[in-house]
Amino acid sequence: MGEIYNFSAGPAVLPKAVLKKAADEMLDYKGSGMSVMELSHRGKEFTGIIENAEATLREIMAISDNYKVMFLQGGASLQFAMIPLNLMTNNKKADYVHTGQWSKKAIAEAKKTGEVNIVASSEEDNFTYIPKLDPATFSKDADYFYIVTNNTIYGTEYKTIPETGDVPIVADMSSNILSAPVDVSKFGVIFAGAQKNIGPAGVAIVIIREDLVGKADETVPTLLNYKTQVDNKSMFNTPPCYSIYIAGLVFEWIKERGGLDAVAKNNQEKADILYDCIDQSDLFSSPVDVESRSLMNVPFVTGDKDLDAKFIEEAGKRGFKTLKGHRTVGGMRASIYNAMPKEGIEALVRFMKEFEKDNKKIA
Ligand SMILES: *Cc1c(COP(=O)(O)O)cnc(C)c1O
């Protein structure tokens, strides 16, 4: 079989150079005679790995010293609970913007701890856009303001971050972290599961402003308290060592490519190629509002279920893998994270044009 391009929403494509390096180091990590999986998490090799990973992430995201970085288990989904347990502590109240399945799950979890005010929602239109926000609807006394910056399933993405005054913004960036530079100082907490744009499943990254650590009450389980994790540098217990190692290699890969400015430029070019193809097509269309289009996840449909299925099947045979859309949206979805090369999108677009010619709609 020829070249494979993996358009999976997650776990997703990783940079070939990173996988190659990991393969080279698999049996003998830097002369230790052991694989990273076999190293003590307290030993000097692994301590070096986690410290380097954090330092490189801090450098590429320009994270200032008043933010702590954690490498945690439980995926992004455990953060749906850890956020309210740790932050809904003053007024037991938080504002949430409802933009899809992931905000829905986060809202359900937060309701177990306190009061949730849904300031805006695009649910009525199957989450095809990021709703306009009216600051008059924000709670002045919210403990935090919660958004999902990129909605993986629906392919929508915030283009500007809301202004919330003194209320800290908590952002689920699972599917667009590291896709472009962000001003970390605008956020109280940024978190992301690794398996979209960072590395293998098994680790979640949490970046938190220092003053938001240590607010959980003592009934919160030890491991779920951010203070435990910060005080112990994510090593209160055994961390997901191998996932952290690969994440560190991905951070270095980003740095070597010129950092997030270069990555963002490349992502914009890649997304433009695909959206241009969809916009020029008489067969394919995007269900997403133009202004909310994600650069990472691109859903598209033919409007005919059978034709969608045929496209996905034929694409698969040609090496374009995992293009099936989420069951709640249908059609196709191309996830084009950092590690998807531009050639993959160019090849997909060539195939889409060919498919369109062979399957002309009867007018
Ligand atoms: C994938 C995803 C999640 C869930 O991640 P897990 O690590 O599986 O818990 C949460 N939020 C967003 C935006 C996602 O894309």
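Remember, it's 1-based here, ligands and their atoms both numbered in the order they're listed.
Heavy atoms of Met173 come nearer than 4.0 angstrom to ligand 1 in no pair at all. Asn150 counts as a contact of ligand 1, since one of its heavy atoms falls under 4.0 Å from the ligand.
If you number the atoms of ligand 1 from 1 as listed, the ones under 4.0 Å from a heavy atom of Phe80 come out as 10 (C). Set against the non-hydrogen atoms of Val148, the atoms of ligand 1 under 4.0 Å away are 13 (C). The contact set between ligand 1 and Ser174, taken as ligand atoms under 4.0 Å from a residue heavy atom, comprises 10 (C), 11 (N), 12 (C), 13 (C), 14 (C), 15 (O).
The environment of Lys357 atom NZ is sparse: at most 12 non-hydrogen atoms of other residues, nucleotides or ligands sit within 6.0 angstrom.
Looking at Phe191 against ligand 1, nothing comes within 4.0 Å, counting heavy atoms. When heavy-atom distances to ligand 1 are checked against a 4.0 Å cut-off, Lys196 comes that close only through its side chain, counted from C-beta outward.
Of the listed residues (Gly75, Ser77, Gly193), the one carrying the non-hydrogen atom nearest atom 9 (O) of ligand 1 is Ser77.
Looking at residues two or more places apart in sequence or on another chain, you find no side chain to side chain donor-acceptor pair (under 3.5 Å) involving Thr56.
Taking only nitrogen or oxygen atoms, main chain and side chain alike, Ala76 reaches within less than 3.5 Å of ligand 1.
The shortest contact between atom 8 (O) of ligand 1 and any protein heavy atom is with Gln195 NE2, 3.3 Å. The single protein non-hydrogen atom nearest to atom 11 (N) of ligand 1 is Asp172 OD2, 2.6 Å, given as residue, atom name and distance. From the protein, the heavy atom lying nearest to atom 15 (O) of ligand 1 is Thr152 OG1, 2.4 Å.
The aromatic rings of Trp102 and Phe80 sit tilted, their planes meeting at an angle between 30° and 60°.
A donor-acceptor contact under 3.5 angstrom links the side chains of Glu25 and Tyr245, judged on distance only.
Sorted by first then second residue, the side chain to side chain donor-acceptor pair (under 3.5 Å) pairs that include residues 39-54, not counting sequence neighbours, are Glu54-Arg58.
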ask   = Do Tyr154 and His326 pass the side chain to side chain contact (heavy atoms under 4.5 Å, CB included) test, and can you show the C-alpha distance, the side-chain angles, and the key distance before you say yes or no?
value = CA-CA 8 Å; Tyr154 308 92; His326 192 270; 5.7 Å; no
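Ion pairing between Lys265 and Glu269 holds under the 4.0 Å rule for side-chain N and carboxylate O.
Atom-to-atom distance recorded for Gln73:CD and Met70:CE is 14.0 Å, nearest 0.5 angstrom.
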